[in-house]
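The first residue in the sequence is number 1, and the count goes up from there. Since the structure is predicted, the reported quantities are computational estimates derived from the model, not experimental observations.
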Amino acid sequence: MSAGAAAPGSPGASLTWNLWSDITQVLTFHFMVNAVQAGTIIAVAAGVIGWFMILRRQSFAGHTLAVVAFPGASGAIWLGLPAAAGYFGFCTAAALFITATPRSHGGAGFSQESAVIGTVQAFALACGFLFVSLYKGFLDGITSLLFGSFLGISDSQVLTLLIAAVAALAVLAVIGRPLFFASIDPAVSAARGVPVRALSVIFLLLLGIAAAEVSQITGALLVFALLVMPAAAAQQLTTRPALSLSLTVVIALAITWLGLGVAYFSVYPVGFFITTFGFAAYALAVAARQAAGRLARRTRPAAIAGSARAW
């Protein structure tokens, strides 16, 4: 901490409406540099994986894996282990458990999978509160576990997040094309020899890794802010896959950086601001799509009339 710098959330940490000055003030603290680095890594990984999650209609599974992060972190703290070990361990284990559910293309198969996912979610929440109650030390971070915090992100955590994100995105780059095909039309892709089941297992493991990463910034209950909202907003704006995926990453980065910056000048959890900006991005995307649709409906009759006159 440099001389003259104000701690986040303190009266001295106030917006000056000078953008460069505010950015300099935020990045004065080493932990804020770590938070920005970690947030950037998480935004990119969550944006890409979240885009496929929306495409595959697996939001419920993503939400459950996010909830599992809470007992993972609290259980690790109870056992004296790093919270990151609990995040990744529990989310990966839950993903493996969900993938063990037999899945068919009919409604019964999806119903069975949803029942298993809901069961895992309920049990995970119960375990999380059990681990918190069993912990005999002073645990003031339950709000951070649930709603996120940018405080205390170490250099080693940033490195761990980077390694996990690079590994997950590398795997996704390898399986991306067949995964996209299997997500659009699983029956046809399976008939053409695409390993649909194996791709589903691998993707759910990647989704577990993404949920574990995002939970460390937004908290277990607000993971959807980065896994769902950027992808949902981008898919409202365009149906072109490459452009939609790129927009998802841009939106995820924007709401993460804005959330971290505003949270620095506030006493409220960073997860709240990231979620709020994510919701605003989605609402604006929906409004823009509806406005474009209304404009197209107005101009179409005029264009048809003009063509008729020219004919």
### Message
With a 4.5 Å cut-off on side-chain heavy atoms, are Ile98 and Leu65 touching?
### Response
yes
### Task
Identify the two heavy atoms, one from Ser59 and one from Val228, that lie closest to each other, and give their separation to 0.1 Å.
OG-CG2, 4.5 Å
### Query
How many angstroms lie between CG in Leu179 and CD1 in Ile184, if you round to the nearest 0.5 Å?
10.0 Å
### Query
Apart from Leu243 itself, what residues make up its hydrophobic cluster, given side-chain heavy atom links below 4.5 Å?
Leu237, Leu247
### Query
So do Asp155 and His30 actually touch side chain to side chain, heavy atoms under 4.5 Å?
yes
#### Entry: Non-hydrogen atoms of Ala252 and Leu226 that approach each other most closely
O-CD2, 4.0 Å
### Message
Rounded to the nearest 0.5 Å, what separates atom CG in Leu245 from atom OG1 in Thr238?
### Response
11.5 Å
### Message
Check for me, please, whether Leu162 and Val48 land in the same ILVMFWY cluster - side-chain distances under 4.5 Å, paths through other members count.
### Response
yes
### Task
State, to 0.1 Å, how close Ser156 and Ser154 come at their nearest heavy-atom pair, and which atoms those are.
OG-OG, 2.9 Å
### Query
Do any pairs count as a side chain to side chain donor-acceptor pair (under 3.5 Å) and have a residue in residues 273-289, sequence neighbours left out, and if so which ones?
Gln236-Arg289
### Query
So, the side chain of Ser266 versus the backbone of Val262: is there a donor-acceptor pair under 3.5 Å, distance only?
no
### Message
Any side-chain to backbone donor/acceptor pair from Thr99 onto Leu96? Under 3.5 Å, distance only.
### Response
yes
### Distance-minimising heavy-atom pair for Ala234 and Ser244
CB-O, 3.3 Å
### Query
Do any N or O atoms from the side chain of Gln121 and from the backbone of Val67 form a donor-acceptor pair under 3.5 angstrom?
no
### Query
Relative to each other, are the rings of Phe180 and Trp51 parallel, tilted or perpendicular (30° and 60° limits)?
parallel
### Summary
CG (Leu206) and OG1 (Thr92) are apart, to the nearest 0.5 Å, by 10.0 Å
### Query
Quick one: are Trp257 and Leu253 in side-chain contact, heavy atoms under 4.5 Å?
yes
### Query
Do the side chains of Leu169 and Val44 get nearer than 4.5 Å, heavy atoms only?
yes
### Query
Linking I/L/V/M/F/W/Y whenever any side-chain heavy atoms sit under 4.5 Å apart, do Ile77 and Leu134 land together?
yes
### Task
Evaluate the side-chain proximity of Thr248 to Gln235: yes if any heavy-atom separation is below 4.5 Å, no if none is.
no
### Message
Would you say Val68 ends up clustered with Leu79 if hydrophobic residues are merged whenever their side chains have heavy atoms under 4.5 Å apart, either directly or through other cluster members?
### Response
yes
### Task
Work out which heavy atom in Gly39 is nearest to a heavy atom in Leu260; give both atom names and the distance.
CA-CD1, 4.4 Å
### Task
Treating Ile, Leu, Val, Met, Phe, Trp and Tyr as nodes and any side-chain heavy-atom pair under 4.5 angstrom as an edge, say whether Phe279 and Ile54 lie in one connected cluster.
no
#### Entry: Passing option when Phe70 is tested against Tyr87, Phe129, Phe123 for ring pair (Phe, Tyr, Trp, His ring centres under 6.0 Å)
Phe129
## Note on the structure
Taken to the nearest 0.5 Å, the spacing of Gln157 CD from Ile41 CD1 works out to 11.5 Å
### Query
For the side chain of Thr64 and the backbone of Phe60, is there at least one donor-acceptor N/O pair under 3.5 Å apart?
yes
### Message
Side chains of Ser183 and Arg57, heavy atoms from C-beta outward: is any pair under 4.5 Å?
### Response
no
### Query
In Å and rounded to the nearest 0.5 Å, what is the CE to CG distance from Met53 to Leu227?
5.0 Å
### Task
Taking the side chain as every heavy atom from C-beta outward, state whether Ile49 and Phe203 have any atom pair closer than 4.5 Å.
yes
### Query
Should Val166 and Leu161 be regarded as members of a common hydrophobic cluster, given that ILVMFWY residues are connected when their side-chain heavy atoms come within less than 4.5 Å of each other, either directly or indirectly?
yes
### Note, Phe277 side chain near Thr256 side chain (heavy atom, < 4.5 Å)
no
### Message
Between Phe52 and Gln58, is the side-chain contact (heavy atoms from CB on, under 4.5 Å) condition met? List the steps.
### Response
CA-CA 9 Å; Phe52 277 96; Gln58 289 188 300; over 6 Å; no
### Query
Atom CD1 in Ile251, atom CG in Leu284: separation rounded to 0.5 Å?
10.0 Å
### Task
Describe, in one word, how the ring planes of Phe131 and Phe90 are oriented to each other, choosing from parallel (under 30°), tilted (30 to 60°) and perpendicular (over 60°).
perpendicular
### Task
Determine whether more than 12 heavy atoms belonging to other residues, nucleotides or ligands lie under 6.0 Å from atom CZ of Phe181.
yes
### For the student: nearest non-hydrogen atoms of Ala38 and Val158, plus distance
CB-CG2, 4.3 Å
